[in-house]
Amino acid sequence: MNTLFTALVDDAGLFPPTSLHMDEGLARHQRDLEAASPLLTHRFLCPASRLDTLRRAEPRPTRMGLILDTDEPPAFADLPIDFVEVRLPPEEAGRLDLPDGVRLFIEVPPRSRVTGLPEGAGLKVRCGGMTADAFPPAEHLGAFITHCVDNDIPFKATAGLHHAVRHFDPALGVDRHGFLNLVLAVCEAVEHRDPVPVLRTTDVGHLVRLALAVPEESAKRARELLVSYGSCSTSTPIDDLKTLGVISDGA
């Protein structure tokens, strides 16, 4: 598996638009574990408000990310949680009492310039949603990526990245960002180029050629910064990259 795509996709099946029931989500997650695609992180994302439901269900995930949608973090020492993702000002997020080894990611608007991050914390950026205004312009997303690269800030992405390549969604009347565009935009910033043109392109052949030509050192650095992204589908990212010829059927 290409370094760019190893352990890239978190399982966000509980979230819109898929919005799986807990039993369905865990069953799909188990099938993914058995299939063992190296593209997937095999990290199951769960809202804090649904942890009790998860505890009553089977099978339990082996890795989890907790999305804080409650006023306070619930107790989770019995669960294999390695990330907590919050939408709080950095100074408030820094007061959260998290166990050792649990990483904190703070969601911010793409155009913001965050200062005063708690030590060891990363950022989280939303690339879309259920309405057109939830999709940030390429210029804002590019500025966010450049800020993270220039300041050595790891980040996660979420929402809207339904396919590999940027495309127009007629239902919403908006261009959807592609996850391949996103990955390659980070590589562009790592190599001190403007990431916006790559974010904006819909030229499939150009993106594939770029993906196959990224130097290994740049790929490693890009993925140190882009930790992963959450996808409500765990099969579409695999299918898209296989169709493009960026990963092989044996991956």
Output every pair passing ring-ring contact (aromatic ring centres under 6.0 Å, His included) with a member in residues 43-77, not counting sequence neighbours, ordered by first then second residue.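 Applying ring-ring contact (aromatic ring centres under 6.0 Å, His included) to every pair that reaches into residues 43-77, excluding sequence neighbours, yields H29-F44.
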Qualifying ring-ring contact (aromatic ring centres under 6.0 Å, His included) pairs, either residue in residues 188-217, two or more places apart: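 Counting only pairs at least two positions apart or across chains, no ring-ring contact (aromatic ring centres under 6.0 Å, His included) contact touches residues 188-217.
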By salt bridge (Lys or Arg N to Asp or Glu O under 4.0 Å) - contacts of [X] (at least two apart):
X	answer
E188	R193
E24	none
R55	D52, D78

Do [X] and [Y] pair up side chain to side chain, a donor and an acceptor below 3.5 Å, judged on atom types alone?
X	Y	answer
D32	T234	yes
H147	N151	yes
T201	D203	no

Lys/Arg N to Asp/Glu carboxylate O, E34 vs R31, below 4.0 Å: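 R31 and E34: not salt-bridged.
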Taking everything shown except [X] itself, do over 12 heavy atoms lie less than 6.0 Å from its [atom1]?
X	atom1	result
E72	CD	no
R200	CZ	no
E92	CD	yes

Check for me whether R43 meets the cation-pi criterion with F83, that is, NZ or CZ under 6.0 Å from the six-membered ring centre and within 45 degrees of the ring axis.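 R43 over F83 ring: yes.
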Each residue besides M130 in its hydrophobic cluster should be listed here, by chain and number; the cluster joins Ile, Leu, Val, Met, Phe, Trp and Tyr at side-chain heavy-atom distances under 4.5 Å.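 Members besides M130: none; it forms no cluster.
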Quick one: does [X]'s side chain get under 4.5 Å of [Y]'s, heavy atoms only?
X	Y	answer
L14	R50	yes
H167	D175	no
L244	V165	yes

Only one of C232, P47, C46 forms a side-chain contact (heavy atoms from CB on, under 4.5 Å) with F15, so which one is it?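 That would be P47.
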With V102, the side-chain contact (heavy atoms from CB on, under 4.5 Å) member among V84, D82, L66: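 Passing option: V84.
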Going by side chain to side chain donor-acceptor pair (under 3.5 Å), D169 matches just one of H163, R176, H162. Which one?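 Among H163, R176, H162, the one meeting side chain to side chain donor-acceptor pair (under 3.5 Å) with D169 is R176.
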Any link between L141 and L225 through a network of hydrophobic side chains (Ile, Leu, Val, Met, Phe, Trp, Tyr) touching at under 4.5 Å?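 Yes, same cluster.
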Which residue is it: F105, F179, F155? I am looking for the one with a ring pair (Phe, Tyr, Trp, His ring centres under 6.0 Å) to Y229.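 The passing option is F179.
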Shortest non-hydrogen separation from E191 to P215 and the atoms involved: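 Taking every non-hydrogen atom into account, OE2-CD, 3.3 Å.
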